[in-house]
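Notes follow once the structure below has been shown.
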Amino acid sequence: FKNFPTESEIDALLDRVRRNPSNTRLYMHPKVLSALNVYKGGALEMTPNDMNFNRIIDHWNGVPIVTSYNFSETEALATA
């Protein structure tokens with residue numbers, strides 16, 4: 001993605017909509033979710049006994065992430 005949102009921009013988006021995990025969702029194309037994995041990768045820590053490197057993100061600051069192929073790849077980034 002050329003104009004992929006930063007972590008701060010996603011946080012600001014959720015602040016602008018007055019996020020409430022009970023009634024707020026982040027909807028995105030699965031490719032966008034895959035691109036978000038870059039934010040988690042640097043925060044993971046593994047030990048010699050770990051056999052699974054889990055980079056899956058299913059919530060952002062408590063807000064559930066919902067993916068759908070009904071979004072086109074060109075609509076992946078939206079403004080608030």
Side-chain angles (χ1 to χ4, degrees):
F1 295 98
K2 293 180 182 178
N3 296 318
F4 194 72
T6 66
E7 294 165 280
S8 296
E9 289 172 331
I10 296 171
D11 291 342
L13 169 74
L14 291 173
D15 289 341
R16 283 193 302 268
V17 299
R18 299 179 183 166
R19 82 170 148 242
N20 180 342
S22 68
N23 63 11
T24 307
R25 304 288 179 268
L26 284 171
Y27 292 93
M28 61 190 70
H29 190 279
K31 284 190 174 186
V32 174
L33 180 61
S34 293
L36 287 179
N37 290 337
V38 70
Y39 296 135
K40 185 175 179 183
L44 291 176
E45 207 173 289
M46 294 186 74
T47 66
N49 292 330
D50 292 332
M51 298 297 171
N52 186 17
F53 189 73
N54 184 354
R55 290 179 15 130
I56 298 170
I57 297 174
D58 59 6
H59 288 73
W60 190 278
N61 289 343
V63 175
I65 296 173
V66 180
T67 60
S68 173
Y69 284 100
N70 290 327
F71 301 111
S72 73
E73 292 176 38
T74 58
E75 298 180 307
L77 301 176
T79 58

Query raised in the report: What's the shortest heavy-atom distance between I65 and I57, and which atoms?
Result: CD1-CG2, 3.7 Å

Query - Distance in Å, L36 CG paired with I10 CD1, rounded so as to fall on 0.5 Å steps - result: 5.0 Å

Query raised in the report: What pairs with S22 under side-chain hydrogen bond (donor to acceptor under 3.5 Å, both in side chains), at least two apart in sequence or on another chain?
Result: N20

Query raised in the report: Checking R25 side chain against P21 main chain: does a donor-acceptor pair fall under 3.5 Å?
Result: yes

**Report entry** Closest contact, heavy atoms only, P64 versus T24
**Finding:** CD-O, 3.5 Å

**Report entry** All side-chain hydrogen bond (donor to acceptor under 3.5 Å, both in side chains) counterparts of N61, not counting sequence neighbours
**Finding:** D11

Query raised in the report: Between H29 and Y69, which heavy-atom pair has the shortest distance, and what is it?
Result: NE2-CD2, 3.8 Å

